[in-house]
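Some notes on the structure that comes next.
Just the heavy atoms: all of them, side chains too, but no hydrogens, waters or symmetry mates, feed the values below. Note that the coordinates shown come from a computational prediction; the quantities given were computed from them, not determined experimentally. Convention: sequence-line order gives letters A, B, ...; per-chain numbering from 1.
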Amino acid sequence: MGRFILRRSLQALLVLLVMSFVIYNLIGLMPGDPLDVMIASNPGATPEVVARLRAIYGLDQPILYRYAHWLWAAVQCDLGFSRTHSQPVLEVLAPALWVTCKLMLISFVISVILSLMLGISAALKPGGIVDGLVSLGAFAGISVPVFWLALMMILIFAVKLHWLPASGISNVGDGSFRDHFVHLIMPVATLALANTGGFTRFVRASMIETLRMDHVRTARAKGNSEGRVVLVHALRNAMIPVVTVMALSFGTLFSGALLTETMFAQPGMGKMIYDSILSNDFNLALSGLLFATLVTLASNLMADLAYGWLDPRITL
Amino acid sequence: MILRRIAVALALMLCASGQGSAQTSGARDTLVIGLSSFPTQMHPSINPEAVKAYIEGFALRPVTAFDTTWTNNCLYCAQLPTVENGLAEIEERPGALPGMAVTIKLKPDLKWADGQPVTARDLAFTAKVGRDPASGFANTRAWGRVERVEVIDDLTAVMHIDEVSTYFDRVGTLLPEHIEGPIYDTAKGPGDYINRSVYNRAPTTPGLWNGPYRVAEYVSGSTIVLELNPYWAGRKPGFAKIVFKTVDNTSALMANLQAGDVDMTPGEGMGLTVDQALSLSKNLPDRFTYIYKPALTYDHIDLQLGNPILADLRVRRALLHAIDRRAMTDRLFDGKFPVADSWVSPLEHIYTRDVARYPFDLARARALLAEAGWKPGGDGICRNAEGAKLSIEFRVTAGNKLRELMQQVIQSQWKAACIETITRNDPPRLLFGETLKKRGFTGAVLYSWLFNVESSPRQILGSDQIPTAENNWSGTNYTGWHNAVMDDGIKTVETEVDPVKRQVAWDAMQRVYAEELPVLPLFFRVEVHVVPKWLRGYRPTGHNDFSVYWAEKWRAE
């Protein structure tokens, strides 16, 4: 086990190195830079001003030189300064990460619980009424655009019913647990609903397949209760493909909730990464994307470890 | 049982949160402003952004600013320097061209929010940082022209400017020398001051702010709260607290307005779009006041004058005659966008009506094209004697709904005049970073310029500003137009202190622009301000010196 984790950690380091090179160069390949956009709308920005700013921000250096400079600093644990925020990258990253962690962890846990409940219920009687309703709901969850779902929730719960705040992370001068909690309800519900649909389909399909296997039939023949058969003998095996999908989703959740964050004014990682890429803020974009990559790699490692627990026949 | 208890608790929490927000808006000592963007950093002179200028306008004011009548006024000076009152005078500079000595007398009762007085030393310090190329100031020319500052006493300083400039009376925001001075003095190299400035590292430091408010809370990407500056000696503001809440998506921002989570959205390019405001005003006509203020954002079509088709003046005039700008503004923007005759807004004092106009006239457009050798073919598209089609490439920024809509309408109107257009839309970075910058377009590009009041058009119309490979694609005169009348006029409006002579030059420049049409003028945008009915004293300016410079007059009734 220890050797496996060490091997995977070394692989992760290599992936991070390659990713950093690819991301840095991809951002650099984007046409123009933010200073070009600045002069395009501002007749007062002279070419001399732009050239001077480009030099100050290091944008006049070759991209490989800039990358090497960044890499050398990064291995010394210095992620540098955000060009647009003029603050150390970690100081910009940390609050965004906290917002995203709250949002993602809660919505992930909710969607996993919901999808297990719904997927198992549907799989027990494929083609039945429950299966039909669950499948319908799951397809709706997959198909409905997140921004539309978010807007509908705001219109219903904030505009019409006045039950919940429309957006933001807390009320000014409050900051209590309750205040933070009510501000999280709609964004968490939106993300959870969007994810539950896909997860439910995987749980249902995997459970239907597992419930037809010999060891499940044997468990029933031995006189085990239906609940024990489903939850102990079938679910454990059915979870192996589901865990893979969930692990992959977990990583993307950390960087890909841009729409939810934008609609509910949650200043999280998705929005931060998007803005930093658009503004050629290399240090910030790179750190954000590498962190998302790291989470994906870590969640996959966790999934691999979970395989061994779910099925002792799998050796790591 | 447990589940039921949880449900009851949740319901009670929800009810409590609803009551809380109602009480907040009911008290009305707080104004919540919804914005569609958040400033990336807080230093007033680095990385300029409209949203930052708007927020900081409550807390940090320039020495002079244009007011709602578009007249330059003192905010922090006792008297506006002019040549007539002797506070500005032309002075000889040994071995160089003449310059100017401009005396700034600060108001006596100005204080930073930590109680320290605002003095002439702050002005001298700001000029020192501002003219340092390594400081990271976006526009070092504003202060760079100031060769030196003589501090006469605590409230008086003389700025010695290295040229005779008509912009001598425009003095920006001051930096607190007692806070930023030590940071600047110990900065280690280019860009270091930017990263260490207290504005970016601790924006809630009271001594950074000298307006009626100071920044009291700063949540990156989300919220900024302003509270009263206890040392503000001017008129007492009507609100004890100003809260800025950022909602990037304007549809969600509109929902926030409807829900009462924000009280207003400003119009200075960071609130609702015009179509959203029009829709909201139809649904909720009585809840808000909708102010449509014409602004200095100029929608226009740049033409590639290196293209032989567009080099022909008759074709350019035909193109403009073929666009029904009045119908466009009426149908697309409820008549709110004023039709432009040139880059100078009719609201500017320098505007002249005495210019060539091009009303919608399809027959006149066809006649001009025929005169230029373009006759309609069997497919309705004009062809010349060699059989070549009258076909023009037409670009806007991809994803900009408003511009794409205008493009579609203009495309169909040009088609009616036998002009074919080929649409090639680029994302903003490609359009501004490559296509325009390197003059890589062959036909027409629709986009906007944002001007200041009475700003020189050198950057966009001066012949020394045409980007070429030789000058490393410097300048933004993308059409490649060069005209002696325009060049002379630019020089005059930048250096002539006599306003009568300047006006003559402004008139000549507007006339030659409208005659020659290097650019097709379309509209001036309007800013739409959505403010609560109970807000009094709110007067948008329509230019870059925002209404917030007079925010202490805002009151709830």
Side-chain angles (χ1 to χ4, degrees), chain A residues 30-34 36-53 55-58 81 84-88 92 95-96 147 150-151 154-155 158-159 162-169 171-174 178-179 181-182 262-267 271-272 275 278-279, chain B residues 13-14 16-18 20-21 24 38 40-41 43 46-47 133-134 136 138-141 190-191 194-195 197 200-201 217 219-223 225 241 243 245-249 251-252 255-256 258-259 261 428-430 432-434 436-437 447-452 455 457 459-460 474-476:
Chain A
M30 288 168 73
D33 63 44
D36 289 322
V37 179
M38 188 205 294
I39 53 171
S41 59
N42 177 10
T46 62
E48 293 76 24
V49 167
V50 174
R52 186 176 47 75
L53 290 177
I56 282 179
Y57 292 123
F81 273 78
T84 48
H85 296 266
S86 296
Q87 287 180 44
V92 183
F147 76 89
L151 202 56
I154 294 173
L155 288 174
V159 177
H162 292 283
W163 284 4
L164 294 167
S167 62
I169 47 179
N171 280 327
V172 172
D174 193 333
R178 188 191 69 188
D179 185 43
F181 178 78
V182 292
T262 307
M263 295 301 289
F264 292 107
Q266 300 275 325
K271 181 78 175 57
M272 189 209 69
D275 288 342
L278 281 190
S279 56
Chain B
M13 282 162 70
L14 294 178
S17 77
S21 63
T24 305
F38 192 87
T40 52
Q41 53 159 284
H43 194 292
I46 292 168
N47 207 8
N139 183 7
T140 47
R141 190 61 201 142
I194 303 174
N195 294 336
S197 167
N200 293 328
R201 305 309 298 274
E217 254 184 82
V219 183
S220 182
S222 170
T223 314
V225 180
K241 205 180 266 190
V243 177
K245 189 173 171 184
T246 301
V247 184
D248 295 271
N249 184 287
S251 301
N256 272 258
Q258 290 173 275
D261 279 22
R429 284 177 65 122
L430 184 59
F432 297 116
E434 286 289 323
L436 277 169
K437 181 183 173 185
Y447 66 105
S448 309
W449 283 115
L450 177 61
F451 290 100
N452 294 320
S455 59
Q459 292 298 319
I460 53 164
S474 296
T476 47

At a heavy-atom distance under 4.5 Å, which candidate from Arg201(B), His43(B), Lys241(B) has the highest pair count against chain A?
Arg201(B)
Looking at chain A, which one of Asn200(B), Asn195(B), Asn249(B) has the largest number of heavy-atom pairs inside 4.5 Å, strictly under?
Asn195(B)
Determine the minimum heavy-atom distance between His162(A) and Ala259(B), stating which atoms define it.
CE1-O, 3.5 Å
Which atom of Ile169(A) lies closest to which atom of Ser222(B), heavy atoms considered:
CG1-OG, 3.9 Å
Checked Ile154(A), Val172(A), Val92(A) vs chain B; the most non-hydrogen pairs under 4.5 Å come from Val172(A)
Pick from Val159(A), Leu155(A), Leu151(A): which one has the most heavy-atom pairs with chain B under 4.5 Å?
Val159(A)
Do the side-chain N and O atoms of Ser167(A) and Asn256(B) include a donor-acceptor pair separated by under 3.5 angstrom?
yes
Could you tell me which residues satisfy ring pair (Phe, Tyr, Trp, His ring centres under 6.0 Å) with Phe81(A), sequence neighbours excluded, listed by chain and number?
none
Not counting sequence neighbours, which residues clear ring pair (Phe, Tyr, Trp, His ring centres under 6.0 Å) with His85(A)? List them please.
none
Atom CG of Asn171(A) and atom OG1 of Thr223(B): how far apart are they, to the nearest 0.5 Å?
9.5 Å
Quick check on Thr246(B) against chain A: is it the side chain, the backbone, both or neither that has a heavy atom closer than 4.5 Å?
backbone
So, the part of Val225(B) with a heavy atom under 4.5 Å from chain A: the answer is side chain
